[in-house]
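Heavy atoms only: backbone and side chains are in, while hydrogens, waters and symmetry mates are out. Each residue takes its place number in the sequence, starting with 1.
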Amino acid sequence: MNNLKVAVVTGANRGIGLEVVRQLSQKEFTVILGARELSKGAAAAREIGSSSVVAREVDVSNDASVQRFAESVAQEFGRVDVLINNAGFNYDWGQKASSTDLKKVHETLETNLFGAWRMAQALVPSMKKNKHGRIVNVSSEAGSLASMGASTPAYSVSKASLNAFTIALAAELKSSGILVNSVCPGWVRTEMGGANAPRSVEQGAASVLWAALLPDDGPTGGFFRDGKPLPW
């Protein structure tokens, strides 16, 4: 198993993250299914039923948890080739920027922005060592400044900030062999997206997989859905 490429997917015990894990496990990857609660992650890994999938506990909103996770991955696997920052929180439909609870906004940023930032800081050194890596920040068109409206203020601001982080990190790592992109999976039928969403989990995961499996001459510092650029 250690001879395979290693992918890390956060928030992966359900929805798009779980489907990404499932598909990556079929592509010669050892996939680390990251979940805030290990019991839920282990149950999800059993559901996939592949020896290529291992569940590990990681709370991306907690510095110590991320550090423990990174240290255990380094000891057990010795490398990370792909990081998919999928963990997301608080689609705050109906809230208003002028009156929303700022404590909840802080919590949203802690996961959706700083969680991805923590994971990148923890795992980029391994990618630099191998001179190869792919970082996929699972974002949303809700974070597009070109079309952002009044709804979901905390979520939208967190995803716009995640996109800005993507640009900054991609520029820093441009000559390192590490490609960094934001991906919008679209409105997907998940617990967060709801039953009326037009896209299947498989369709949403396909956008993420596209960015995770980019060739060495692929784009970096972009915002995509279905492999096509989206406006910032």
Rounded to the nearest 0.5 Å, what's the gap from [atom1] on [X] to [atom2] on [Y]? Could you check?
| X | Y | atom1 | atom2 | result |
| --- | --- | --- | --- | --- |
| Y155 | T108 | OH | OG1 | 10.5 Å |
| L102 | T100 | CG | OG1 | 7.0 Å |
| N137 | T166 | CG | OG1 | 3.5 Å |
| D81 | F29 | CG | CZ | 6.5 Å |
| L123 | F69 | CG | CZ | 6.5 Å |
| I16 | R14 | CD1 | CZ | 11.0 Å |

Using side-chain heavy atoms (C-beta onward) and a distance below 4.5 Å, is [X] in contact with [Y]?
| X | Y | result |
| --- | --- | --- |
| P153 | K96 | no |
| S52 | V31 | no |
| I135 | I178 | yes |
| Q67 | D63 | no |

Original post:
Would you say W232 has more than 12 foreign heavy atoms packed within less than 6.0 Å of its CH2?
Top reply: yes

Original post:
Could R36 and E57 be called an ion pair, given the rule that one side-chain N must be under 4.0 Å from one carboxylate O?
Top reply: no

Original post:
If you measure from the Lys or Arg side-chain nitrogens to the Asp or Glu carboxylate oxygens, is any gap between R22 and E19 under 4.0 Å?
Top reply: yes

Subject >> Residue that, paired with E110, satisfies salt bridge (charged side-chain N to carboxylate O under 4.0 Å, His left out) out of K104, K103, R118 >> reply: R118

Would you tabulate the side-chain donor-acceptor contacts of residues 204-221 under 3.5 Å, counting partners in other chains and residues two or more places apart, or write 'none'?
unit_1, atom_1, unit_2, atom_2, d
S207, OG, D226, N, 2.7
S207, OG, D226, OD1, 3.0
D216, OD1, R134, NH2, 2.9
T220, OG1, V180, N, 2.8
T220, OG1, V180, O, 3.3

Original post:
Can you check whether G222's main-chain N or O pairs, donor with acceptor, with N181's side chain at less than 3.5 Å?
Top reply: yes

Original post:
Within the side chain of D92, is there an N or O that forms a donor-acceptor pair under 3.5 Å with the backbone of Q95?
Top reply: no

Original post:
Does the side chain of S182 pick up a donor-acceptor pair with the side chain of N163 at under 3.5 Å?
Top reply: yes

**OP:** Scan C184, P185, S139 and name whichever one has a side-chain contact (heavy atoms from CB on, under 4.5 Å) with R225.
**Re:** C184

